Amino acid sequence: MQDDFDHSNDAPEYALDTLAIRAGHHRTFEQEHSEPIFPTSSFVYESAAEAARKFGGKEAGNVYSRFTNPTVHTFERRLAALEGGERCVATSSGMAAILSTALALLSQGDEIVASRSLFGSTVSLFDKYLGKFGITTRYVELSDLEAWRQAMTPATKLLFAETPSNPLSEVADIAALSRIAKEHGALLAIDNCFLTPALQQPIALGADLVIHSATKYLDGQGRAIGGAVVGRFDLLEEVFGVVRTCGPCLSPFNAWIFTKGLETLSLRMKAHSENALALARWLAEHPAVERVHYSGLEDHAQHALAKKQQRGFGAVLGVEVVNGQEGAWQVIDATRLLSITGNLGDVKTTITHPGTTTHGRLTDAQREAAGIAPGLIRIAVGLEDQQDIRADLARGLDALAG
């Protein structure tokens, strides 16, 4: 098979936009130009001896699509190239990526130190399910480096953070967290699904692992569910073992969708960021808005850090409106263009009330600790015309302002 482009040692070092379009595709004998889909559960061999060699790992080749499939491998190689990692393991969802990482790298008695500002399902996974098997999670403020240091113990094996956070756009100092992790012999995992490698590369800043919900911006059009983990080969070999044995694998069709999504990733993330920043500035001036959480705004607490470690600010805004939950629901219900849905990462702008949707399973105390106020709305800004998005939001905001 022939590579889509030259990976040899003397080949030029390609830019991210080129890798997003070209990396990872190994052409078949058919010499196809676009990446093929291999919707097959298994593979055949010329002889029993060949089957034995491939099943035994003595010869490279496909075995079973639960863990080896050419279409999935194309997506994995491309995403690894974009993130600057040695290897990628794809999974059936972003939550499956987090679970597979934990099962691979943690044991009973180990501890996780994590940001309080995590997706609600991640908190439930850590507390309810990993906790059941003797893995303890300690939560700290995302931007408080001293709190991270104080939370470390000899049992701490993993630091886990989303940056920017969901939905308050808080930013973690990835390089500083990496130093803390290394000082204590722990690993640092960064959930990068809000920015993607187009805007942030955590491995270059010292992270050991990068987690993705490919469902979000890697796809970009809300078509499929999937996840991925990127990092060093030795760490990913353990994660691959979990996927191989436990089965949270990515389907070939979804892998193909994500591979095609990567081709336009940089263009989309730049446009998302521009639209979001313009909307954030408009919202910050509206009388019905108490606060806008977006690291692209100059008054954001971590704006300087975000400029330093990111190439853009992403698309997700946290918007606190007057009159609490009633006011938030009034604004949401008044929209006609925006999609009322808990998903994000779409070219379509989406809007939701985190306190009763994405973070609805958390306790009141957990929501309060995570900064999920009753009047908080999350807007994932899409690629529609800016004036149309504003007009749709103004309908409810203007009525709320009286």
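All residue numbers refer to positions in the sequence shown, counting from 1. Keep in mind that the numbers below use all heavy atoms, side chains included, and drop hydrogens, waters and symmetry copies. None of the values given here were measured: they were computed from a predicted structure.
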Side-chain donor-acceptor pair present, Lys54, Thr68, cut-off under 3.5 Å: no
Donor-acceptor pair, side chain of Asp392 and main chain of Leu338, under 3.5 angstrom: yes
Arg149/Glu183 ion pair, N-O < 4.0 Å: no
Arg78 (side chain) donor-acceptor with Ile21 (main chain) under 3.5 angstrom: yes
Between CD1 on residue Ile203 and CD1 on residue Ile190, distance to nearest 0.5 Å: 10.5 Å
Short side-chain to backbone donor-acceptor contact, Thr156 and Thr153, under 3.5 Å: yes
Polar contact flag, side-chain donor to acceptor under 3.5 angstrom, Gln200-Asn192: yes
Sequence-distant partners of Phe240, ring-ring contact (aromatic ring centres under 6.0 Å, His included), two or more places apart: none
Over all atoms of both residues, closest heavy-atom pair of Ala328 and His353: CB-CD2, 3.6 Å
Within 6.0 Å of CZ in Arg291, more than 12 heavy atoms from elsewhere: no
Atom pair CG (Leu337) and CG (Asp385), whose distance is rounded to the nearest 0.5 Å: 10.0 Å
From CD (Glu86) to CD (Glu237), nearest 0.5 Å: 12.0 Å
Under 3.5 Å side-chain donor-acceptor pair for Thr341 and Thr350: no
Separation between CE of Met269 and CZ of Phe313, rounded to the nearest 0.5 Å: 12.5 Å
Check against side-chain hydrogen bond (donor to acceptor under 3.5 Å, both in side chains), Arg223 and Asn254: CA-CA 8 Å; Arg223 299 167 294 187; Asn254 286 7; over 6 Å; no
Any donor-acceptor pair under 3.5 Å from Gln309 side chain to Ala172 backbone: yes
Trp282 CH2: over 12 foreign heavy atoms closer than 6.0 Å: yes
Stepwise side-chain hydrogen bond (donor to acceptor under 3.5 Å, both in side chains) check, Ser34 with Lys260: CA-CA 9 Å; Ser34 183; Lys260 303 309 288 183; 3.2 Å; yes
Any donor-acceptor pair under 3.5 Å from Asp144 side chain to Ala147 backbone: yes
Sidechain-backbone polar pair: Arg53 side chain, Glu59 backbone, donor-acceptor under 3.5 Å: no
For the student: nearest non-hydrogen atoms of Leu195 and Gly312, plus distance: CD2-O, 4.0 Å
Residue pairs passing the ring pair (Phe, Tyr, Trp, His ring centres under 6.0 Å) test where at least one lies in residues 99-158, sequence neighbours excluded: Phe126-Phe160
Any Ser273 side-chain heavy atom under 4.5 Å of Leu199 side chain: yes
Pair Arg87 + Glu76, salt bridge at N-O below 4.0 Å: no
Contacts of type ring-ring contact (aromatic ring centres under 6.0 Å, His included), residue Tyr294, not counting sequence neighbours: none
Heavy-atom closest contact (Pro287 atom, Ala401 atom, distance): CG-CB, 3.9 Å
Between Lys182 and Ser178: side-chain donor-acceptor atoms closer than 3.5 Å: yes
Name every donor-acceptor pair, under 3.5 Å, that has one atom in a side chain of residues 206-213 and the other anywhere in the protein, sequence neighbours excluded.
from   : atom 1 : to     : atom 2 : distance (Å)
Asp208 : OD1    : Arg232 : NH1    : 3.3
Asp208 : OD2    : Leu188 : N      : 2.8
His212 : NE2    : Glu83  : OE2    : 2.7
Ser213 : OG     : Thr215 : OG1    : 3.4
Ser213 : OG     : Lys216 : NZ     : 3.0

4.5 Å side-chain heavy-atom contact, Val321 and Glu290: no
Donor-acceptor contact below 3.5 Å, side chain His286 vs main chain Ala288: yes
Pair Thr264, Arg268: side-chain N/O donor-acceptor within cut-off below 3.5 Å: yes
From CZ (Arg138) to OG1 (Thr136), nearest 0.5 Å: 7.5 Å
Leu158 to Ala189 - nearest heavy-atom pair and separation: CD1-CB, 4.0 Å
Shortest non-hydrogen contact from Met152 toward Ala186: CE-CB, 4.1 Å
Donor on one side chain, acceptor on other, Gln150 and Glu146, under 3.5 Å: yes
Which atom of Cys249 lies closest to which atom of Ser92, heavy atoms considered: O-CB, 3.2 Å
Worked check of side-chain hydrogen bond (donor to acceptor under 3.5 Å, both in side chains) between Ser117 and Glu170: CA-CA 8 Å; Ser117 304; Glu170 298 167 290; 2.4 Å; yes
Heavy atoms of other groups near Ile225 CD1, more than 12 under 6.0 Å: no
Qualifying residue, where the test is side chain to side chain contact (heavy atoms under 4.5 Å, CB included) with Glu320 and the options are Ile377, Leu376, Val289, Val292: Leu376
Euclidean distance, Ser41 OG relative to Tyr64 OH, rounded to 0.5 Å: 5.5 Å
Partner set under ring-ring contact (aromatic ring centres under 6.0 Å, His included) for His300, not counting sequence neighbours: none
Derivation of the salt bridge (Lys or Arg N to Asp or Glu O under 4.0 Å) call for Glu35 and Arg22: CA-CA 10 Å; Glu35 299 81 2; Arg22 296 277 185 174; over 6 Å; no
Side chain to side chain contact (heavy atoms under 4.5 Å, CB included) partner of Phe258, the single match among Leu250, Leu79, Leu265: Leu250
Donor-acceptor pair, side chain of Gln302 and main chain of Val171, under 3.5 angstrom: yes
Results of ring-ring contact (aromatic ring centres under 6.0 Å, His included) for Phe194 - residues two or more places apart only: none
Under 3.5 Å donor-acceptor, Gln386 side chain and Leu279 backbone: yes
Sole candidate of Leu125, Val123, Thr137, Asp191 that passes side chain to side chain contact (heavy atoms under 4.5 Å, CB included) when paired with Leu118: Val123
Salt bridge present between Arg116 and Glu141 (N-O < 4.0 angstrom): yes
Side-chain heavy atoms of Glu111 within contact of Ile135, under 4.5 Å: no
SB check Lys58 Glu50 (cutoff 4.0 Å): no
Heavy-atom check, side chain of Leu159 versus side chain of Ile112, under 4.5 Å: no
Exam field: side chain Thr71 to backbone Pro252, donor-acceptor pair closer than 3.5 Å: no
